[in-house]
Structures are given as C-alpha cells and as structure tokens.
Amino acid sequence: MERSTLINQRKAKLEKLRSLGVEVYPRRFAQSHPIEEVIDRYSQLPAEELEKKAIKVQLCGRVVSMRGHGKVAFAHIVNGGSKLQVYIRQDKVSPRDYEIYTLLDLGDFIGVEGTLFRTRTGELTVLVGNLHFLAKALRPLPEKWHGLTDVELRYRQRYLDLLANPRTRHIFYLRSRIIKAFREFLDEEGYLEVETPMMQPIPGGATARPFKTFHNALSIDLYLRIAPELYLKRLVVGGLEKVYEINRNFRNEGISTMHNPEFTMLEFYESYSDYNDMMDLTERMLLAVAEKALGESRISYNGRRISLSPPFRRITLRDSLIKWGELSPEQLNSKEELLKIAHGLSLQVEDNISLPKLMNRLFEELVQSNLIEPTFITDYPIEISPLAKQKREDPAIVERFELFIGGLEIANAFSELNDPVEQRRRFEHQLEERAKGDAEAHWMDEDYVNALEHGLPPTGGEGIGIDRLVMLFTDSKSIREVILFPQLRPRGGAGA
RNA sequence: GGGCCGUUAGCUCAACAGGUAGAGCAACUGACUCUUAAUCAGUAGGUUGAAGGUUCGAGUCCUUCACGGCUCACCA
C-alpha cells in the first residue's frame, strides 16, 4: 500500500481516539515494574500459584504483535528490550477500552492494568483490566519476521534497526558496558578523567588530516582535534600525574569498514612510567574489561577464539617482519631489497619512500593479519614516531608499541618524549616532511614545546581505539556496526 | 578516486531468453472468546532509485547520474 495511505489510516485512527475523549499523547504512565522484572520474578511460578496470588501489575510498552480472535485478542508489548504478552477480552474491559484496542496499530504504545496468569500453552500473560493509550505510531514498523536487513536503512534509521534487530541492541549495550569498565578500571588505578579541547588552533598528537572550521568572534581558524595527546601531556606537566580521556577524535580521511571520520579514543598518561609499564597495564586492563563487560576472559572474532589472559606476546617490529614476513636481517637493512619485495607484492610505493615507512608498509601487508593472539609489536622507527622517546641503545628506534588483536590495531603507546630540545628538532623534521608534500606530517606546536620546557616527568602514554575494541568484543566486521550513527552521505528526505 | 555488486509494494524477496510486475508479512473489510510467524474468506496497494537511449515492446539491454555494500588505493 502506498505509504501516505498507511499513514492516513493511522491518522484517522488517531482522530477517532481523540473523538472518544482519549488523550492520545498523555504525559506519563505509572508502571509497577519494567517488563523484565515481571519476567524475572514470575516466569517460574506455576499457573495455579499465579492464579491464587492474583498478582496485579501495571505495565507499558510498544505493541509489536497482535492476534485478534473475535472478541478477544493477544498482543505482545515490549519495553526495556523485554517482551510480554497481554490478553484483552471484551467481557473483561470497559466498552471504551475495548474500542481503544480496536484502534491500535503495531508500533503504538500502551499501558495495561491487569492480573498475571499463564495461558494454556504456559506463557506468562497479563489479563487486561484497564487499557491506557500512551502514544501513536504514524508509520509502520519493519516487518516482524525478517526484520530490517537493508544496510543503508539500518544506518540511516538506526532507531528501526534497534527495534527490529536484537543484535544491534546487544552491541550498543555492550559498548556502554565496555566504556564503563575502562572508566572503572582507570578510576581504581588512581587516574583522573579529564576533558581537553575538541577545537584546537594547532591539530596535534597524531599524523592525520584535520577538519577545519572558523571561529567568528576570535577570527581564527580552528581544527577539530585529531588526538588529545598534546593537551593531556600539558596536564601531566601541570602535576596531574595520571590522567585519561575517553572522547571523540576527528580525522578528515577516507571512510571504510575500519575508519569513521569521528571515532572514540581512550588516551591515558602516567607519570614515572614507560612503555613497558604501559604493556603491563594494558594486559591487566583488557582482561579486566573483558571480564567485566563480557563476563569472560576470551572473545570470539572472525571464527577464532582469542584469550585475553596475560601475558601477551611481545615482539619487535623488526623481528615480526623476520618471523611472519620471512625477511632476512640483511633485507631489512636495505631499502633496495625491501622495495623489490614491495614491488613483488605489487604494493604501490613511491621510490623515494623512506626505509622506516617502507618497513611499516610491509608490516601491514605481511604481518598484521597474522596477529590474532594479542601481540605487542615494539620498537618503531623514530621517523614515524615524532612524539616518542628514543631507545638508549639505538637512537633510530623509539620506545613504542602497538597492540594487535584479531588482526586489528587496538592500541598505540610509547614512552613520551619529554626533552623539549629534541621535541623541537622532531617537529622541525616533520615540517620538512610537510614541505616535501606529506600532508599528514605533524605540525610545529611552540606552545607544546614551551610546556615541555617547564618539565614533563618521565611518562608513559597510550591510546586505545574504542570502536575497534568494541568491534573485537562484539565480533563485528565493520566499524559502522558499533557506531550508532556512522557517517553516510546525506540523502534528501526522511525514510528514503 | 578505481574495480565489482546492488537499488522492484511500508518491510523481506520473486519475475525464464526483452513480451500484461508477483508472493509473504504489514494494511483494509468480514468470521472467530487461550493465540503466538494465529487461522479462514475477500480487498486495496507499484513512475521497478533518476534521466536519457535502443526496440513494435524494457524491471530485464546500452549510456549518464544518485545512493549503498564489498574491495583496491590513500590513510594510523
């Protein structure tokens, strides 16, 4: 049926309810219990006992199914994700309430007062005494059996996805629990949660293209942050020795199953510790989060069972290329050799690519997908790590790790560079890269260097991509499955 | 940005080789006082994503565009 006809039919019913004197959008309804509680408390009681106790309830929810049988009807109502059957009999309700029932559509909200009983087939059900109309749905819900599968509609009208698909609901409940578990863990460790600017005059803390905006009153360009890192370290300079922030980052880059322009990042910094301490902390934290949010220490991802019990494997970037990339130490020292390999894999790399960037590229190609079990990859080239501290024994390498689980990059951490002179040098080098055309090279941030000049203690810092972690914990293949409203190209009109 | 695939009723999907666009659910009318994907009888519902083209004839073939998915490239 044409959509406007469906809506008009429902509007007509709405008017009929009004003409009966029914308040069609009332303010509130006093429920005696959420449906879930009723089920928890009474679903085990035998029918005879239910009848003897004659338990009175006032429940409400959205009507999701109706089965009329002449002068009686069964319906299911849903609230809080739980479903309960209600039973309306013409001889048990007032004529007015019965008329209200006849005007109900799937999707409407109702409240019922009645008595619990068990049907012949054993289902816990409310025998309705009074029926209250709570809100009208003018548009139909997705089909009851197949639900809503059109991916575009699921993302554009997430409310329908949430109504029709229990898995979607589950993912976002779990996402909430995961974030809460991170907070609880860090709070217990003595970390302070802070909020730092989303709008920054100089976008820093990562190598990525920013979104740009303009502040009228100040008449300046501002950038949506690509990372909170430099602000969090300013706080450590200020004596907030353990800080964390869970918030949005924005990167003006491509959209894919692994990338959304805005995404959620946990970053945390701890004074007097280094990247080794961060690895220990990460192991404890991920296990704690899994146990709290999932109730177990193992996850399933892409058909693989993965244990999050420490210790996690630790291997240097270089050794990982030897182990999984089957490269020799000699090859790893030669850009020409690596270029040959890259070309052999038909990777598109520019001939003037630097050795460290080439290594990283080969890592992504050859190694990353093998890192199913939690694995810390350590010791990155300095060139791609402008904010990390060098290793004492090899100044070309920094004290940094990335954590991979299920082949996904989950965390990135390092011993923070706290030498202001060296930091300035690194920024200057980045400026040269930028001048050479690297749009993602880091900006010079004099104010940040100035902060370092006041003294940053030895500090370990880490960022964890919350969306990817939620993907991992919910076995989701696309980041859009774990972001309620992922970025899509806008489309005219509602509903499509 | 490139490649591949998709877009048909409110939802989920059909439609041979180019020959009158169909089903289930939802909706509407009627029957039915323990159903649960209720059942039964009937009714209505379509600019086949958009615009062009080929053809006697296009959901189907061609071109362009829009939106989406996957993938490659780019990118932490």
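Any value given below was found using the heavy atoms of this structure, including those in side chains, with hydrogens, waters and symmetry copies removed. Just so we're on the same page: letters track the sequence lines, and every chain starts at 1.
The CD atom of A/Gln487 sits 10 Å away from the P atom of B/G68 (whole-angstrom rounding). B/A26 atom C1' lies 10 Å from atom CD of A/Gln9, rounded to whole Å. Put simply, NE2 on A/His259 is 16 Å from C1' on B/C70, counting in whole angstrom units. Between the CG atom of A/Leu103 and the C1' atom of B/U29 there is a distance of 15 Å, given to the nearest Å. For A/Leu148 and B/C13, the CG to P distance is 10 Å, given to the nearest whole Å. Here B/A26 presents its P atom at 17 Å from CG of A/Leu163, a figure rounded to the nearest Å. In this structure, A/Leu104 places its CG atom 15 Å from C1' of B/A27, rounding to the nearest Å. Rounded to whole Å, atom P of B/C34 lies 6 Å from atom CZ of A/Arg120.
For B/U20, there is no paired nucleotide, since no Watson-Crick or G-U wobble pair has both relevant distances below 3.5 Å. Nucleotide B/A38 forms a pair with no other nucleotide shown, judged by Watson-Crick or G-U wobble geometry with both contacts under 3.5 Å. A 3.5 Å limit on both hydrogen-bonding distances identifies B/A51 as the Watson-Crick or G-U partner of B/U63. As the counterpart of B/U43, B/A27 is assigned, both hydrogen-bonding distances of the Watson-Crick or G-U wobble pattern falling under 3.5 Å. Searching all strands for a Watson-Crick or G-U wobble partner of B/G57 with both distances below 3.5 Å returns nothing.
Taking every side-chain heavy atom of A/Leu6 into account, B/G10 is the closest of B/G10, B/U35, B/C67. The side chain of A/Phe74 approaches B/U35 more closely than any other nucleotide in the set B/G69, B/U33, B/U35. Looking at the side chain of A/Glu253, the nearest of the listed nucleotides B/U33, B/C75, B/G10 is B/C75. Taking only side-chain atoms of A/Lys144, from C-beta outward, the nucleotide of B/C75, B/A37, B/G68 with the closest atom is B/A37. Nearest nucleotide to the A/Val72 side chain, out of B/G69, B/C75, B/U33: B/U33. Listed candidates were B/C28, B/C75, B/G10. Nearest to the side chain of A/Glu440 is B/C75. Side-chain proximity of A/Leu153 to B/C11, B/A37, B/C28: nearest is B/C11.
Backbone-only engagement by A/Leu106 is indicated by non-hydrogen atom pairs under 4.0 Å involving sugar-phosphate atoms exclusively. Across all strands shown, A/Asp150 has heavy atoms under 4.0 Å from sugar-phosphate atoms exclusively, and none from any base. Here A/Phe117 lies in heavy-atom contact (under 4.0 Å) with a base. Residue A/Leu488 is in sugar-phosphate contact alone, with no base atom involved, counting any heavy-atom pair closer than 4.0 Å across all strands shown. Residue A/Lys13 is classed as a sugar-phosphate contact, given heavy-atom separations below 4.0 Å to backbone atoms only. Using a 4.0 Å heavy-atom cutoff across all strands shown, A/Arg251 reaches sugar-phosphate atoms only and no base atom. At the heavy-atom level, A/Thr257 lies under 4.0 Å from the strands shown only through sugar-phosphate atoms. Within 4.0 Å of A/Ala208, counting heavy atoms only, lie sugar-phosphate atoms of the nucleic acid but no base atom.
For the ring-ring contact (aromatic ring centres under 6.0 Å, His included) with A/Tyr223, the lone residue among A/Phe250, A/Trp443, A/Phe211 that qualifies is A/Trp443.
Remark: A/Arg67 is in phosphate contact with B/A38, judged by side-chain N or O atoms under 4.0 Å from OP1 or OP2. One finds no side-chain N or O of A/Arg480 lying less than 4.0 angstrom from the OP1 or OP2 phosphate oxygen of B/G68. Between A/Arg209 and B/C75 there is no side-chain polar atom (N or O) within less than 4.0 angstrom of OP1 or OP2. Considering only side-chain N and O atoms, A/Arg489 lies under 4.0 angstrom from the phosphate OP1 or OP2 of B/C67. Residue A/Arg154 has no polar side-chain atom (N or O) positioned under 4.0 Å from OP1 or OP2 of B/G68. The phosphate of B/C74 has OP1 or OP2 within less than 4.0 Å of a side-chain N or O from A/Arg361.
Aromatic ring centroids of A/Phe404 and A/Phe363 lie under 6.0 Å apart.
Side-chain contact check for A/Ser320 and A/Arg313: no donor-acceptor pair (N or O, by modelled atom type) lies under 3.5 Å.
At distances below 3.5 Å, not a single donor-acceptor pair connects side-chain atoms of A/Asp467 with backbone N or O atoms of A/Ile479. Looking only at distances, no side-chain donor or acceptor of A/Asn249 sits under 3.5 Å from a matching main-chain atom of A/Phe263.
Annotation: A/Glu428, atom CD; neighbour count of heavy atoms from other residues, nucleotides and ligands within 6.0 Å is above 12.
Distance check on atom P: B/A58 versus B/G19 gives 11 Å, rounded to whole Å.
Taken to the nearest 0.5 Å, the OH atom of A/Tyr231 stands 11.5 Å off from the CD atom of A/Glu245.
For A/Thr149 against B/U12, no side-chain N or O and base N or O form a donor-acceptor pair under 3.5 Å.
The pair A/Asp379-A/Arg318 does not meet the salt-bridge criterion, since no charged nitrogen lies less than 4.0 angstrom from a carboxylate oxygen.
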